[in-house]
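Working notes, beginning with the structure itself.
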Amino acid sequence: MPMFLPRFTIDQPSTLGEASRLLREYGEDGCVYAGGTELLLAMKKGGLRYGHLVDIKTVPGLDAVAQQDGAVRIGALATHMALERSSLVRSKLPIFAQVEARVANPRVRASGTLGGNLCFGEPHSDPATLLLCLEPTLRVTGADGSREVPLPVFMVGPYEVALEPGELLESVTVPLLGAHQRAAYRKFQLHEYPMLGLALVLDLDQRGAVTTSARVAIGSVSPTPRRSEAAEALLVGERGAVRGRLDEAANALADDADLLDDHEGSAEYKRHLIGVFLKQAFEEATADTSAASGGRGS
Ligand SMILES: Cc1cc2nc3c(=O)[nH]c(=O)nc-3n(C[C@H](O)[C@H](O)[C@H](O)COP(=O)(O)OP(=O)(O)OC[C@H]3O[C@@H](n4cnc5c(N)ncnc54)[C@H](O)[C@@H]3O)c2cc1C
């Protein structure tokens, strides 16, 4: 296995339009280069080979994080560490800041970007798993203009996303959680990447006693992170009744994930962990229903 980088050129465009034109020109021999934490490693190992890298770190403002109409707009180039430390994200989307703080290690968080995480299509993505429940809109830009893509449509399969030739991810706009929404995230990690991530967002009634709607997703155990409609239906209702259905909901979640035995654990073990994490996340999300929105992660 080669562990050296083959020769390539680097372009440093100053606009996304220029980056897109370069990518179109290079075709399959060109690739976007953001933090490089996945890309350069894959190139060193010989898994990917490109003659031209288009370094988007020279595009001004692509790492900006700003509040916008009840949402936080995150530039694709924002690093995990910037998001973990952003006062805006910490105050408006605390669950997201907490999940970002537990991605990888400080070295990867310092240069790895949210855009790179999502565009690599890594099935073991913590942000993608949480974002499935936060329902963001992704803005994708190419030579012919921009379009908005929901995250489930963007995530096509393992290491495959819905970007056309020459298109780049520009930003991710994440709606803020409302006063009666609570969120929690659980993950388990043995190696460099998570083995299982579980995200939960609950809409509660005024008293916090009834779940009026629920979103639950798991990551790392399917080709892409996934939600389960069947599990979500079981999480709606009065708190005690929902608590009594948590095992059933966890099984629905596991069934929809098509769990496999692999080097990280058996399908049976993963099913067990989903049950444990769903219970923990539910208790956490409903623990202090008088507190403000946003939830906690662990
Ligand atoms: C040791 C290690 C541990 C990790 N642990 C975790 C973990 O615990 N949880 C987790 O969620 N992730 C984990 N990761 C993944 C990590 O989050 C990603 O490596 C990182 O976010 C990728 O961002 P990057 O900017 O370095 O992407 P790059 O390596 O620069 O790019 C990755 C891919 O995305 C494409 N790309 C990048 N930006 C764009 C864009 N704006 N538009 C279009 N295409 C783009 C590139 O062309 C390339 O194909 C880990 C990675 C490593 C190396």
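Read the numbers this way: they start at 1 and go in the same order the structure lists the ligands and their atoms.
Regarding atom 15 (C) of ligand 1, its nearest protein heavy-atom neighbour is E38 OE2, 3.2 Å. Among all non-hydrogen protein atoms, the one lying nearest atom 9 (N) of ligand 1 is D126 OD2, 2.8 Å. At the shortest separation from atom 27 (O) of ligand 1 among protein heavy atoms lies G116 CA, 3.4 Å. The shortest contact between atom 30 (O) of ligand 1 and any protein heavy atom is with G36 N, 2.7 Å. Among all non-hydrogen protein atoms, the one lying nearest atom 42 (N) of ligand 1 is L169 N, 2.9 Å. Of all protein heavy atoms, the one lying nearest to atom 22 (C) of ligand 1 is T37 OG1, 3.3 Å. Ranking protein heavy atoms by distance to atom 2 (C) of ligand 1, first place goes to V108 CG2, 3.9 Å. Atom 47 (O) of ligand 1 has V32 O, 2.6 Å as its closest protein atom, hydrogens excluded (heavy atom only).
For R245, the CZ atom counts as densely surrounded, since its 6.0 Å shell holds more than 12 non-hydrogen atoms of other residues, nucleotides or ligands.
Between H80 and ligand 1, a contact under 3.5 Å exists for at least one N or O pair. In terms of N/O distances under 3.5 Å, ligand 1 is not approached by L163. Where the criterion is an N or O separation shorter than 3.5 Å, residue side chain and backbone included, V103 fails it with respect to ligand 1. At a 3.5 angstrom cut-off on N or O pairs, I56 does not count as close to ligand 1. Ligand 1 has a nitrogen or oxygen under 3.5 angstrom from a nitrogen or oxygen of A34. Checked against a 3.5 angstrom limit, the closest N/O atoms of T113 and ligand 1 fall inside it. In terms of polar-atom proximity, defined here as any N/O pair under 3.5 Å, L114 makes no such contact with ligand 1. At a 3.5 angstrom cut-off on N or O pairs, Y193 does not count as close to ligand 1. Between E192 and ligand 1, at least one N/O pair is under 3.5 Å apart.
Applying the salt bridge (Lys or Arg N to Asp or Glu O under 4.0 Å) rule to E25 yields no partners; only residues at least two apart in sequence or on another chain are considered. Judged as a ring pair (Phe, Tyr, Trp, His ring centres under 6.0 Å), and not counting sequence neighbours, F154 has no contacts.
No salt bridge links R102 with D126; every basic N to acidic carboxylate O contact stays at or beyond 4.0 Å. Under a 4.0 Å N-O distance rule, the pair R227/D256 does not qualify as a salt bridge. For the pair D262 and K270, the salt-bridge criterion is met [side-chain N within less than 4.0 Å of a carboxylate O]. By the 4.0 Å N-to-carboxylate-O rule, R182 lies too far from D203 to be salt-bridged with it. Using a 4.0 Å cut-off between a side-chain N of Lys or Arg and a carboxylate O of Asp or Glu, E100 and R109 do not qualify as a salt bridge.
Taking all atoms of both residues into account, the shortest heavy-atom contact from V161 to L118 is CG1-O, 3.4 Å.
Using a 4.5 Å heavy-atom threshold, the side chains of Y193 and E122 count as touching.
Looking only at distances, no side-chain donor or acceptor of E283 sits under 3.5 Å from a matching main-chain atom of Q280. Formation of a donor-acceptor pair under 3.5 Å by the D247 side chain with backbone atoms of N251 is not found in this model. A donor-acceptor pair under 3.5 Å is absent between the side-chain atoms of Q181 and the main chain of L177, judged by distance alone. With S86 contributing its side chain and L88 its backbone, the two residues share a donor-acceptor pair below 3.5 Å.
Shown in contact with S125 at under 4.0 Å from a heavy atom are these atoms of ligand 1, numbered in order with element: 11 (O). The atoms of ligand 1 that sit less than 4.0 Å from any heavy atom of P127 are 11 (O). The atoms of ligand 1 that sit less than 4.0 Å from any heavy atom of H124 are 9 (N), 10 (C), 11 (O). Less than 4.0 angstrom separates some heavy atom of C119 from each of these atoms of ligand 1: 34 (O), 35 (C), 36 (N), 39 (C), 40 (C), 42 (N), 43 (C), 44 (N), 45 (C). Remark: ligand 1 atoms within the under-4.0 Å shell around heavy atoms of Q189 are 8 (O). For ligand 1 and L39, the ligand atoms under 4.0 Å from any heavy atom of the residue are 29 (O). Contact atoms of ligand 1 toward L168: 42 (N), 43 (C) (distance under 4.0 Å to a heavy atom of the residue). Here is the list of ligand 1 atoms found below 4.0 Å of a heavy atom in G35: 24 (P), 25 (O), 26 (O), 30 (O).
Heavy atoms of K187 found under 4.0 angstrom from ligand 1 belong exclusively to the side chain. Residue contacts with ligand 1 for E170 are absent, since no atom lies close enough (heavy atoms, distance under 4.0 Å). Neither the backbone nor the side chain of L48 comes within contact range of ligand 1; no heavy atom lies under 4.0 Å.
For the pair K57 and Y33, the cation-pi criterion (under 6.0 Å, within 45° of the ring axis) is fulfilled.
Using the six-membered ring where Trp is involved, Y159 and F120 have ring planes that are perpendicular, over 60° apart on the 30 and 60° scheme.
Comparing S20, A104, S171 by heavy-atom distance to atom 8 (O) of ligand 1, the nearest is A104. Of the options T141, N117, V161, the smallest heavy-atom separation from atom 12 (N) of ligand 1 is shown by N117.
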Trace of the salt bridge (Lys or Arg N to Asp or Glu O under 4.0 Å) decision for R73 with E170: CA-CA 10 Å; R73 183 183 186 276; E170 183 177 348; 3.6 Å; yes
